[in-house]
Amino acid sequence: MRSRRPAPPVRKIAAVDRYDPREVEARWQAVWAEERTWEVPNPGEEGFDPAKPKAYVLEMLPYPSGEPHIGHLKVYSVGDAIAHYRRRNGAHVIHPMGYDAFGLPAENHAIKTGEHPRTATEASIESFRKQFREWGISIDWSREVSTHTPEYYRWTQWIFLQLFEKGLAYRSEAPVHWCPEDATVLANEQVIDGRCERCGTPVIVRNLEQWFFRITDYADRLLADFDLLESWPEHVITMQRNWIGRSEGAEVVFRCEELDLDFPVFTTRPDTLFGATFFVLAPEHQQLSKLVEGTDAEEAVRDYVNETAREAAEERGSDERPKTGVPLGRTVTNPVNGEQIPMFVADYVLMDYGTGALMAVPAHDQRDHDFATAFDLPIRTVVEPADGSEVPEGEAYTEHSEDQGLVNSGEFDGTPASEAITVVTEWLEAEGRGEAAVNYRLRDWLVSRQRYWGAPIPIINCEDCGMVPVPDDQLPVKLPEVEDYAPKGKSPLAAAEDWVKTECPKCGGSGRRETDTMDTFVDSSWYFIRYLDPQNTEAAWSREAADNWMPVDQYIGGVEHAILHLMYARFFVKALADMGHLGVQEPFANLFTQGMITRDGAKMSKSRGNVVPPADYVERYGADTLRTYICFIGPPDRDADWRDEGVDGVQRFLSRLWRLGREVAERTEFGEPGGATPESGDARVLVAKAHWAIGKVTRDFERGFQFNTAISAVMELVNEAYRLKDGLYGEGAGDAALRFATATAASLIWPFAPHLGAEVYEMLTGDRVWETEWPEADEGLLATDTVTYVVQVNGKLRARLETEADAGEEDVLELARGDEGVQRHLDGKEVVKEVFVPGKLVNIVVR
RNA sequence: GCCGGAGUGGCGGAACGGCAGACGCUAAUGCCUCAAAAGCAUUUGCCCUUCGGGGCGUGUGGGUUCGACUCCCACCUCCGGCACCA
């Protein structure tokens, strides 16, 4: 801890004897705003030191709606603690802020009130901005961005066109999810249990022409590059892995000879091909009408298809309900044995997985088994347990390890099932009837929305030239002003006829603008790069700035974004890296997902009346108390239940530290807080405790996010100072120890309670705590002359012994055996073994 | 069903295989005060106690070990994610 400056001005020792957070916090906030303390330069700018390591600390940007809630306070408190810690450990820390300002809530509000969504959005942004300052979050405000400004979405549009040029953005007709309530299409990721993620309305499937990003091209890299991440929560990786849903198997072609049609299917079990006894198509399958046209089955099939189309995806998805379907009166040929097997249409086959058709193997797939039972179809076992054990009645046998061999499978009989997968696939390849294949659950990302409040898609449709990108010098395509924000099945932008009608940039003929806007997840898939060079009008960012700061060293946010945002952003970074705009493959090296704050065990909601409005609480307790409480309540990745009594406790602690600081500043000589390390006595005990706390807090930061134990260590230090202070005042070593201990407590609490930390530290040292280096624990000080040995008999604690730290094994054992409490338990028993752990413990085993 | 995560006092939570319950809340008592608030101090897992101490305790049942909240096996409960994915 460096120090020494002239004695502090009088005002720095508060005149009141009560900790007044409002006064303290306002003063320091003014200093940080005035001096722009948290701004950090880019390479080449004044103040940039290439020798310093960089740290990009980022919390997910807020969606500005109304006022910030307690979850915001948590995520930014946690992030700020990390940012402060890294700064004082010598890094250039970039810690920016922005707003994810496009989106439905503002637009729905606009529809109701007729007021432009920009008005409510910008009012909300102002409120967020104000509260972030009142919370004392150390933000580099020079880098602030908001996704709804033309200066920002100009570059969102630029990225769209980059993807378009590379064939990664395309327009296509496909069955897509449509939310009738919000009157827009949704991405697969935004459909939860068959319902719209935003409003909960059951979605329906419609065939529409829409814009997609080709994220499926990146499926394998999105999986493989988990290896490039430093530290992500295991469950987030698992969720993404499941979502991408890679499975290996084979594509096998079944042929309908009558109509000369080939039906490829995907299977993970080519080893069971001989067990395929029927064949099923999804109701949405394109060839269906061709198969039944003019046959007896036509009407029944049409009815069945219409019926399933009416059903919500939600009901169809249940595996509880009985299998339904209709025979087509056609057969296909099983390529391995030439068998003609009957075809069906059934809604348990999904159009958007595999090829929308499957070979049914009822003996070895439960769903096929259920269908076969319902329709009385043959069930042929082709894989048997090697040990001859029975398969339960009514169940499919799905094992396929080397302990199972093939039967009823012609030349493949006896081949172990695990091996048969490869062998049969090779055979299919040789025969030209199939090949090894990989299938994914992941679909391309549907990005167009028929809504107003988003970035317009920068494409012009020309009768002669087709889809033409808006030339770079004409960006941004500004959102037009309209009268009515309500969606009517097409985008509200379509009503702005003057805007829609334009000139084709290619041929100069008449063109019409694309009227859909982009999914807001597009905006938030690259904001963390714009922060690095936010003022740039020539490019979305400079490679130099991006190379300097990327990747994000610590990303913090809610687990609800585990799939959507985090996967889209990974995709963007990979695509941009492929185009040469970035030098990294992954945006977020370390990810931390914070838990929710509940109250009375339930999620906070207005209807439940258990909301903790941060502004009210900051007014009442001050920001430092709230921030520290949130970090103290429990491990930040877990959910935690809010209790006002707990807040009182933290307030008490901060107030104790403030009063200690003031008292020590008054009653001891201003000067070097460290001084010479006292040899012995309470002064030494206190200094040692301070070093212990430094070590503990430092380890808790280094190990991750163990803020609750870090704060408790500072509490212990403060408690120790209170316990010892009255005996230490007035002697040189005692005064110095008190100053050191108190300044250390202020220094260690700084990442959580910056205003108070700065205040107390300045009272005692005249220095600004954020300009000092993070303290280092003197491990040597922690060693003491005497140690306490724990004495166990048969593993149970029986005595404690104070002894010289350097006492030998025999001496300690001798002492232990002689102890009265130990004696009682040794009496009349035979000592079998004695365990000695130097400096710690003795265990005497008796019989 | 599959994949994650978690079970410790009245509560939130601590514990490199070595003193279970740090720290905080709550509660009780005392000091200060005319009084209250604030503050300060002590106690606060359960049971028994002759007040020395003793017994029991980390979801359940086993195991490894001198020693297990911690490691291994089996199970129970709760939370989250995915789910007719071929």
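Bear in mind the structure is a predicted one, so any value in this text is a computation, not a measurement. Below, chain A is the first sequence line, B the second, and so on; all start at residue 1. All values below were derived from every heavy atom in this structure, side-chain atoms included, with hydrogens, water molecules and symmetry-related copies excluded.
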I want to check one thing: is the phosphate of [N], taken as OP1 and OP2, less than 4.0 Å away from some side-chain N or O of [X]?
X	N	result
A/Arg441	B/A83	yes
A/Asn719	B/A22	no
A/Asn439	B/A86	no
A/Arg659	B/A38	no

Subject >> A/Arg441 charged N/C atom sitting above A/Tyr353 aromatic ring, 6.0 Å / 45° >> reply: no

**OP:** Measure from NZ or CZ of A/Arg620 to the centre of the six-membered ring of A/Tyr617 and say whether it is under 6.0 Å with the direction within 45° of the ring axis.
**Re:**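 Positive - A/Arg620 is close enough to the ring of A/Tyr617 and near enough to its axis.
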
**OP:** Name all stems that contain residues of RNA chain B, defined as runs of 3 or more consecutive Watson-Crick or G-U wobble pairs, both distances under 3.5 Å.
**Re:**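 RNA chain B stems, ordered by first number: B:1-7 with B:76-82, B:10-12 with B:23-25, B:27-31 with B:39-43, B:45-48 with B:53-56, B:59-63 with B:71-75.
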
Pairs under 3.5 angstrom, nitrogen or oxygen only, protein versus nucleotides 64-67 of chain B, please.
{"from": "B/C66", "atom 1": "O2'", "to": "A/Asn843", "atom 2": "ND2", "distance (Å)": "3.3"}
{"from": "B/C66", "atom 1": "O2", "to": "A/Asn843", "atom 2": "ND2", "distance (Å)": "2.6"}

Can you figure out which of [options] approaches the side chain of [X] most closely?
X	options	value
A/Glu645	B/U26, B/A86, B/C23	B/U26
A/Arg18	B/A20, B/G24, B/A38	B/A38
A/Lys840	B/A86, B/C16, B/C25	B/C16

Considering every strand and a 4.0 Å limit on heavy-atom distances, what is the contact class for [X]: base, sugar-phosphate, or nothing?
X	result
A/Pro635	sugar-phosphate
A/Arg798	sugar-phosphate
A/His825	sugar-phosphate
A/Arg656	sugar-phosphate
A/Gly245	nothing
A/Tyr722	sugar-phosphate

Subject >> B/C56 and B/G61, which share atom name P, separated by this distance in whole Å >> reply: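 To the nearest whole Å, 15 Å.
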
**OP:** Take the angle between the ring planes of A/Phe344 and A/Phe278 and call it parallel below 30°, perpendicular above 60°, tilted in between.
**Re:** perpendicular

**OP:** Determine the interplanar angle of the A/Phe752 and A/Phe701 rings, folded into 0 to 90°, and report it as parallel if under 30°, tilted if 30 to 60°, perpendicular if over 60°.
**Re:** parallel

Subject >> salt_bridge(A/Arg599, A/Asp644) N-O dist < 4.0 Å >> reply: yes

Original post:
Charged N to carboxylate O under 4.0 angstrom, A/Lys696 versus A/Glu716?
Top reply: no

**OP:** Could you tell me whether the side chains of A/Asp819 and A/Gln823 share a donor-acceptor contact shorter than 3.5 Å?
**Re:**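 Per modelled atom types, A/Asp819 and A/Gln823 side chains form no pair under 3.5 Å.
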
**OP:** Could you tell me whether a side-chain N or O of A/Asn334 sits under 3.5 Å from a main-chain N or O of A/Ile341, the two making a donor and an acceptor?
**Re:** no

**OP:** Answer yes or no: is there a donor N or O on one side and an acceptor on the other, between the side chain of A/Asp347 and the main chain of A/Thr308, under 3.5 Å?
**Re:** no

